[in-house]
Undergrad: 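Below: one structure in structure tokens.
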There are 2 protein chains.
Amino acid sequence: MSTRILDHPSVGEIRLEAVLHALAEPVRLEIVRFLADSGRGVPCSEIELAVSKSTGTHHYRVLREAGVIRQVYHGTAKLNSLRRDDLDALFPGLLDSVIAATRRRPASEAPS
Amino acid sequence: MSTRILDHPSVGEIRLEAVLHALAEPVRLEIVRFLADSGRGVPCSEIELAVSKSTGTHHYRVLREAGVIRQVYHGTAKLNSLRRDDLDALFPGLLDSVIAATRRRPASEAPS
DNA sequence: ATCGTAGTTTGACATTCGTCGTAGTACGAC
DNA sequence: GTCGTACTACGACGAATGTCAAACTACGAT
């Protein structure tokens with residue numbers, strides 16, 4: 001059998017450092033931006049990343065273990081969504097400001 | 001002679017990932033919290049950190065190179081201050097939410 | 001039962017990171 | 001000048017991180 005249920009940190013277990021660390025990476029920031037835009041559970045396969053599949057899996061896990069996203073299985077797909085409510089309650093304004101900044105500067109960009 | 005003038009990124013050079021990475025570390029977060037509380041140029045020696053002096057220097061540099069703090073020499077002391085204005089302009093709400101969260105959970109803490 | 005799709009796990013690797021001690025530089029005071 | 005204070009620079013070290021390919025598991029459909 002499988003561990004089809006994924007471990008998520010409870011709200012009380014979410015640490016600021018872990019969240020910031022999770023967000024401080026271009027690939028993961030791209031995932032967060034995408035999830036913020038599409039609002040609902042998105043399968044990993046729908047988000048095109050510039051890295052291999054296993055690296056993608058790794059980044060999703062970092063985000064989940066930091067408490068940034070929620071992942072639930074739905075058949076063979078794994079639906080990802082932002083934990084907006086929890087993060088907003090813990091760190092009001094944090095996610096909003098990061099997402100807003102990410103939208104202004106599309107992904108990763110070179111300074112002028 | 002000396003390089004008594006320190007390089008700071010211009011506002012346009014500040015990258016979100018670098019700022020988040022700089023903030024995603026307990027010692028650096030402690031420095032930021034301290035600077036936010038005391039408002040003005042604070043010498044490194046005034047902030048007691050749980051690491052050696054050379055490690056402290058390293059963390060100050062990471063913060064400066066990410067654009068989070070400004071450092072200016074004043075005699076032999078190096079005065080540190082938050083780049084609140086620049087960060088607020090670039091990422092409105094980000095610094096505020098991080099500082100607020102840091103104040104709620106003193107430094108680094110274990111989940112319940 | 002077979003196949004394909006979706007995602008994971010396991011090693012491996014190079015890079016970055018946080019840490020330290022030691023030696024060094026810059027400046028003010030004496 | 002000499003001394004002390006404040007901070008830096010240089011290795012060095014182990015730990016963590018991002019990356020990949022290859023082999024694997026889980027599920028749905030045929």
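Naming: A, B, ... by sequence-line order, numbering from 1 per chain.
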Undergrad: Taking atom CZ of Arg28(B) and atom CD1 of Ile69(B), what is their separation to the nearest 0.5 Å?
TA: 10.5 Å
Undergrad: Kindly give the heavy-atom pair with the smallest separation between Ile31(B) and His59(B), and that separation in Å.
TA: CD1-CB, 4.2 Å
Undergrad: May I have the distance from Glu46(A) (atom CD) to dA6(C) (atom P), rounded to whole angstrom?
TA: 11 Å
Undergrad: Using atom NE2 of His74(B) as one end and atom C1' of dC7(D) as the other, report the distance to the nearest whole Å.
TA: 16 Å
Undergrad: Starting at atom CD of Glu65(A), determine the distance to atom C1' of dT9(C), rounded to an integer number of angstrom.
TA: 14 Å
Undergrad: Expressed as a whole number of angstroms, how long is the span from Ile5(A):CD1 to dT25(D):C1'?
TA: 16 Å
Undergrad: Can you measure Glu17(A) atom CD to dG18(C) atom C1' for me and round it to whole angstrom units?
TA: 15 Å
Undergrad: Check whether more than 12 heavy atoms from other residues, nucleotides or ligands sit under 6.0 Å from atom CZ of Arg70(A), and answer yes or no.
TA: yes
Undergrad: How many Å lie between CG on Leu49(A) and P on dA6(C), as a whole number?
TA: 15 Å
Undergrad: Which nucleotide in the set dC7(D), dG28(D), dG7(C) lies at the smallest distance from any side-chain heavy atom of Thr57(B)?
TA: dC7(D)
Undergrad: Once you round it to whole Å, what is the distance between C1' of dA6(D) and CD of Gln71(B)?
TA: 13 Å
Undergrad: Check the distance between dC27(C)'s P and Leu6(B)'s CG and give it to me in whole angstrom.
TA: 12 Å
Undergrad: Could you work out the complete set of other residues in the hydrophobic cluster of Val72(B), with links drawn between I, L, V, M, F, W and Y side chains under 4.5 Å apart?
TA: Leu79(B)
Undergrad: Mind checking whether Leu16(B) and Leu29(A) have side chains closer than 4.5 Å, heavy atoms only?
TA: yes
Undergrad: To the side chain of Arg4(A), which of dC27(D), dC27(C), dG7(C) is closest?
TA: dC27(D)
Undergrad: Could you list the residues that satisfy side chain to side chain donor-acceptor pair (under 3.5 Å) with Asp96(A), not counting sequence neighbours?
TA: Arg84(A)
Undergrad: Generate the contact string for nucleotides 16-23 of chain D. Rules: B means base contact, S means sugar-phosphate contact only, - means no protein heavy atom under 4.0 Å.
TA: -SSBBBB-
